[in-house]
Amino acid sequence: MTSNRTQLIARLSILTALTVVLGYYTKLPTPTGIVTLLDLGVYFTAFYFGRKEGAIVGGVGAFLLDLLSGYPQWMFFSLIFHGSQGYFAGFKGKWQWLGLVLATFLMVAGYACATSWMKGWGVALTDIPHNLLQNFVGMIVGYLLHQSIKKISKQ
């Protein structure tokens, strides 16, 4: 294992832990789960490092957050939905806009389908605005944080 690989693993571990902490301490309960700042960590990692890293932090961070928050029924859904969100958010260049659309769609639609399966479409439809809000706040703040760190590291 190279030194760069070890550093990347350490950075991803720290970002995953920070993502869980952001999610754990910013919980807003909803009828179907919680709204958090977890997406901030997912989007920042995807913007800064890329697709694979965004998928790892998104999936593992969301999985652990659900486990620690007392929502174990959502753990595997979160692993898939937030992992996909991180993967697609990590698209670079001219495909970045498509990646952000796919990231948003997969997370929101994924949770809507999972909620409808567990609790019915009535509950699932009421939770879509919360998931969109969580997604867009995470995307915007993650992008701003990414741009700030890029500027700092160039100096």
Next on the checklist: Just verifying a value: how many Å separate E53 CD and I9 CD1, rounded to the nearest 0.5 Å?
Outcome noted: 11.0 Å

Checklist entry - Got a donor-acceptor contact below 3.5 angstrom from the T115 side chain to the A112 backbone? => result no

Item to check | Shortest non-hydrogen separation from P29 to K27 and the atoms involved | outcome: CD-O, 3.8 Å

Checklist entry - Mind checking what makes side-chain hydrogen bond (donor to acceptor under 3.5 Å, both in side chains) contact with S84, not counting sequence neighbours? => result none

Checklist outcome for this item: Heavy-atom closest pair (A114 atom, W74 atom, distance to 0.1 Å) is CB-CZ3, 3.7 Å

Checklist outcome for this item: side-chain contact (heavy atoms from CB on, under 4.5 Å) test vs S78 passes for just one of F63, Y111, Y71, namely Y111

Next on the checklist: Working to the nearest 0.5 angstrom, can you tell me the gap between T36 OG1 and H130 NE2?
Outcome noted: 13.0 Å

Checklist entry - Under a single-linkage definition using a 4.5 Å side-chain heavy-atom cutoff for Ile, Leu, Val, Met, Phe, Trp and Tyr, are I80 and Y87 assigned to the same hydrophobic cluster? => result no

Show me, pair by pair, the donor-acceptor contacts under 3.5 angstrom made by side chains of residues 88-96, not counting sequence neighbours?
| from | atom 1 | to | atom 2 | distance (Å) |
| --- | --- | --- | --- | --- |
| K92 | NZ | A46 | O | 3.4 |
| K92 | NZ | F47 | O | 2.5 |

Next on the checklist: Count I, L, V, M, F, W, Y as connected when their side-chain heavy atoms are under 4.5 Å apart, and connections chain through other members. Are M139 and L98 then in the same cluster?
Outcome noted: no

Item to check | For S69 against Y24, the heavy-atom pair lying closest together | outcome: OG-CD1, 3.7 Å

Item to check | L40 side, atom CG; L144 side, atom CG - distance, nearest 0.5 Å | outcome: 10.0 Å

Checklist entry - Do L38 and L67 belong to the same hydrophobic cluster, where Ile, Leu, Val, Met, Phe, Trp and Tyr are linked whenever their side-chain heavy atoms lie under 4.5 Å apart, directly or via other members? => result yes

Checklist entry - Do you know the tightest heavy-atom contact between F44 and G142? => result CD1-O, 3.9 Å

Item to check | From N135 atom CG to L100 atom CG, the distance as rounded to the nearest 0.5 Å | outcome: 9.0 Å

Next on the checklist: Measuring only between side-chain heavy atoms, which start at C-beta, is L133 closer than 4.5 Å to V137?
Outcome noted: yes

Next on the checklist: Testing V42, L102, L106 one by one against Q85 for a side-chain contact (heavy atoms from CB on, under 4.5 Å), which residue passes?
Outcome noted: V42

Item to check | Y48 atom OH: more than 12 heavy-atom contacts under 6.0 Å | outcome: no

Checklist entry - Just how far is it from atom CZ of F77 to atom SG of C113, taken to the nearest 0.5 Å? => result 10.0 Å

Checklist entry - How many angstroms lie between OG1 in T19 and CG in L12, if you round to the nearest 0.5 Å? => result 10.0 Å

Checklist entry - Is the backbone of K150 close enough, under 3.5 Å, to the side chain of S153 for a donor and an acceptor to pair up by distance? => result yes

Next on the checklist: Is there a path of hydrophobic side-chain contacts, each under 4.5 Å between heavy atoms of I/L/V/M/F/W/Y residues, joining L18 to Y25?
Outcome noted: no

Item to check | Minimum side-chain heavy-atom gap Y43-V141 below 4.5 Å | outcome: no

Checklist entry - Is there a path of hydrophobic side-chain contacts, each under 4.5 Å between heavy atoms of I, L, V, M, F, W or Y residues, that connects L28 with F136? => result no

Next on the checklist: Under the side-chain contact (heavy atoms from CB on, under 4.5 Å) test against Q134, which residue among T26, V35, V108, L37 passes?
Outcome noted: V35

Checklist entry - Do F49 and L8 have side chains that get closer than 4.5 Å, going by heavy atoms? => result yes

Next on the checklist: For a 4.5 angstrom cut-off between non-hydrogen side-chain atoms, does D39 reach H82?
Outcome noted: yes

